[in-house]
Number of protein chains: 2
Amino acid sequence: MPVVIPVAAISIVDAIAHDLRERLFSGGLSPAAALTETDVAGSYDVARPTAKAAIERLVAEGLLVRGAHKTARVADLGPIDVRDIYLARAYLESEVVRRLAAARSVPAEAVRANADIAALTNDTPLAVVEPDMRFHLSLIDAVGNERISKMYRSLVSEVRLCMTRVQTLKLLDTSMIHDEHERILALLGAGDGEAAARLLDDHLARARERLAAALGGTADPAAG
Amino acid sequence: MPVVIPVAAISIVDAIAHDLRERLFSGGLSPAAALTETDVAGSYDVARPTAKAAIERLVAEGLLVRGAHKTARVADLGPIDVRDIYLARAYLESEVVRRLAAARSVPAEAVRANADIAALTNDTPLAVVEPDMRFHLSLIDAVGNERISKMYRSLVSEVRLCMTRVQTLKLLDTSMIHDEHERILALLGAGDGEAAARLLDDHLARARERLAAALGGTADPAAG
DNA sequence: ACGTGAACACTTGTTAGACAATATTTGAAC
DNA sequence: GTTCAAATATTGTCTAACAAGTGTTCACGT
């Protein structure tokens, strides 16, 4: 019996949306930068409706913003948005660790991701972002819920957009992140969901306040 | 100083998407029914690209499904989807009640919605759906988080789509729903988040299994 | 009769060009 | 310098069209 090899023939709109997303995440597009439909159409050499569709997709994802008859702009997420996003993350993720702990389930992929963090030598300051995201995503994906994974991915993409604005900042202490992750995993294996959720909340709150402060907000650990 | 009166000049695409959604929820469109772009364009007397945009919006919301070069169809959500949706609801909502209880916050709108449920005389069997949704939505909205509210609303719209398929079924016992809501609100005021979350989980699990069973699934209270 | 394969119709993906409606900017008048 | 009006830029929508993919029919050969 032949094995099915999954291939995806992505459409032009998909390709443009994907590339715009990459440019957004790599900082190629500054916050509040204007993205007219004609510009996008011109730079990819496609028709305007095609560019329009790609832009509208990113607007739906929250990466771009635009009002009626206004040109789309890169979302400039401030401290308020950061707190909104991280609170949503905390809601989803702390409930996830509660239920993972109840099943004493320690996702293998999360362990791997955290090992990758430990293995980091001093590269660029934000080399830790990728394995860190992978750690948190693997916790979410471990529950195997399509819609939860999709919602969380949407939040992660907004976080990545924020991060492009603080590339220079020294936000994150790699070893501390690793240690906290390790403790969370241990609590999952021990079945202590309460403690794991509490620790995760602290972990996210710390990251949130650093990011919010870097984006010009005042320190406000209780905000949310 | 003149008071600002907020008006929304919705676009044609918005209007069509809205109307299609209503038709979806009112059962005017059967599950798995085909919705070609030309048909939609013809029935609203607009150009095909306009209809296309409306269809793509509903596809993004999960109300329609479509593959590349295939005609869009009404999503026919089965027991598996119901469990996926309700588990996502439970994750969001049980964490919400935990945190509402921690603040001993009892949302006034939730109290109102539950009073509306109690005031129901025997109308159509699914007259309870609207105030029930409103009860749960008001709990979510009480935390004042933009992204959580948006995610939850997306889940609710999928639930509504499921419900249109079981209109005839006697799914819900009004007084039981009211009582359970009442107990949840009481636990919020008492600050007992654990108990409130547990009760809410049971409440949603019951609704989930009734809905899943009505959609042809086998009883499986532990699924998810 | 049955499976094969080619022609066909249907649908979607994408493009081009155009016009109207709305925002934004420029410029001129006071 | 401020304010109003014209010019420009941009988006929303339409018409028409072609290309490409999907599903179906139907004749054909075995």
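Please read these numbers as outputs of a predicted model, since none were measured by experiment. Chain A is the first sequence line, chain B the second, and so forth, proteins listed ahead of strands; every chain is numbered from 1.
Interatomic distance, CD1 of I12(B) versus OG1 of T50(B), reported as 6.0 Å (0.5 Å rounding).
Within the cation-pi definition used here (under 6.0 Å to the ring centroid, within 45° of the axis), R89(B) qualifies as a partner of Y86(B).
Every residue meeting the salt bridge (charged side-chain N to carboxylate O under 4.0 Å, His left out) condition with D84(B), not counting sequence neighbours, appears here in chain and number order: R147(A). With sequence neighbours excluded, the residues satisfying side-chain contact (heavy atoms from CB on, under 4.5 Å) with A17(B) are R21(B), A54(B), R57(B), L58(B).
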N/O to N/O distances under 3.5 Å, protein versus nucleotides 10-20 of chain D:
from    : atom 1 : to     : atom 2 : distance (Å)
dT11(D) : OP1    : E37(A) : N      : 3.3
dT11(D) : OP2    : E37(A) : N      : 3.2
dG12(D) : OP2    : E37(A) : OE2    : 3.4
dG12(D) : OP2    : K52(A) : NZ     : 2.4
dG12(D) : O6     : R48(A) : NH2    : 2.9
dT13(D) : OP1    : I12(B) : N      : 2.7
dT13(D) : O4     : R48(A) : NH2    : 3.2
dC14(D) : OP2    : A47(B) : N      : 3.3
dC14(D) : OP2    : T50(B) : OG1    : 2.1
dA17(D) : N6     : R48(B) : NH2    : 3.3

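Residue pairs meeting the ring pair (Phe, Tyr, Trp, His ring centres under 6.0 Å) criterion with at least one partner in residues 128-151 of chain B, sequence neighbours excluded, are F135(B)-H181(B), H136(B)-H181(B), H136(B)-H203(B). Within the structure, side-chain hydrogen bond (donor to acceptor under 3.5 Å, both in side chains) contacts touching residues 66-80 of chain B (residues at least two apart or in different chains) are E37(B)-R66(B).
Here chain B contacts DNA chain C (any atom closer than 4.0 Å to a heavy atom, that is under 4.0 Å), and the contacts span dT11(C) to dT14(C) from 5' to 3'.
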- [ ] Tell me, with the steps shown, if T164(A) and S26(A) meet side-chain contact (heavy atoms from CB on, under 4.5 Å).
- [x] CA-CA 7 Å; T164(A) 67; S26(A) 68; over 6 Å; no

